[in-house]
Chemist: 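Handing you this structure, nothing more for now.
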Amino acid sequence: MDQPSEVHTEQGILKTVEAAGDVTVERALVGVVNGRDVSITQAGAGPVAAQGDVRIQQGGCGPVLVGGDLRIHQGGCGPAMVRGNLSIQQGGTQSVLAAGNATVGQGAFVGLVASPKVTLEDGSRVLIGTPGAFAAGAAVGALVAMVAGRRRRSR
């Protein structure tokens, strides 16, 4: 089955942009974006879901769910789940769970990163790396289990 070849370019203020093909958001503010490959340039968006790659250039968005690679240059996003590779240059994100490699370039910041291979270039910052991320997740899971157990016993 062939992939749709349509490209949707959006500008202005919109609630939602959904397309079976590629979506390009330029100089716009969009509530929700859903498409195959998504490009955000000098724009802002809420949650973004893409079957393919996401590229953010001088823009930002909320949570991101990416089926391919995520590339951020002079921009940022909220929490990200990336099936492919992550690359950030002069930008940042809150937290990332990447199945592929994560490269945090010069001038980039990530709060928490979990990836099989994390590459930190000079001038980059990561608050919590992969071992710390898994330890923090285990600690939160244990805390939730303890609270749930106490609630069950008190009933």
Chemist: Would you tabulate the side-chain donor-acceptor contacts of residues 53-70 under 3.5 Å, counting partners in other chains and residues two or more places apart, or write 'none'?
Modeler:
from: Asp53; atom 1: OD1; to: Asp69; atom 2: N; distance (Å): 2.8
from: Arg55; atom 1: NH1; to: Ser39; atom 2: OG; distance (Å): 3.1
from: Gln57; atom 1: NE2; to: His73; atom 2: ND1; distance (Å): 3.3
from: Gln58; atom 1: OE1; to: Gln42; atom 2: NE2; distance (Å): 3.0
from: Gln58; atom 1: NE2; to: Gln74; atom 2: OE1; distance (Å): 2.9
from: Asp69; atom 1: OD1; to: Asn85; atom 2: N; distance (Å): 2.7

Chemist: CG of Asn34 to CD of Gln51: how many Å apart, nearest 0.5 Å?
Modeler: 7.0 Å
Chemist: Any side-chain heavy-atom pair from Leu86 and Ile88 closer than 4.5 angstrom?
Modeler: yes
Chemist: Glu121: which residues meet the side chain to side chain contact (heavy atoms under 4.5 Å, CB included) condition with it, sequence neighbours left out?
Modeler: Gln89, Thr103
Chemist: Is Ile72 reachable from Leu120 through a run of hydrophobic residues whose side-chain heavy atoms are each under 4.5 Å from the next?
Modeler: yes
Chemist: Which pair of non-hydrogen atoms, one from Glu26 and one from Ala43, has the smallest distance, and what is that distance?
Modeler: C-CB, 4.3 Å
Chemist: Table please: side-chain donor-acceptor pairs of residues 91-102 below 3.5 Å, with sequence neighbours left out.
Modeler:
from: Thr93; atom 1: OG1; to: Cys77; atom 2: O; distance (Å): 3.2
from: Thr93; atom 1: OG1; to: Gly78; atom 2: O; distance (Å): 2.8

Chemist: What are the two closest heavy atoms between Ile40 and Ala45, and how far apart are they?
Modeler: CD1-CB, 4.1 Å
Chemist: Within a strict 4.5 Å, meaning less than it, do heavy atoms of the Val38 and Asp22 side chains meet?
Modeler: no
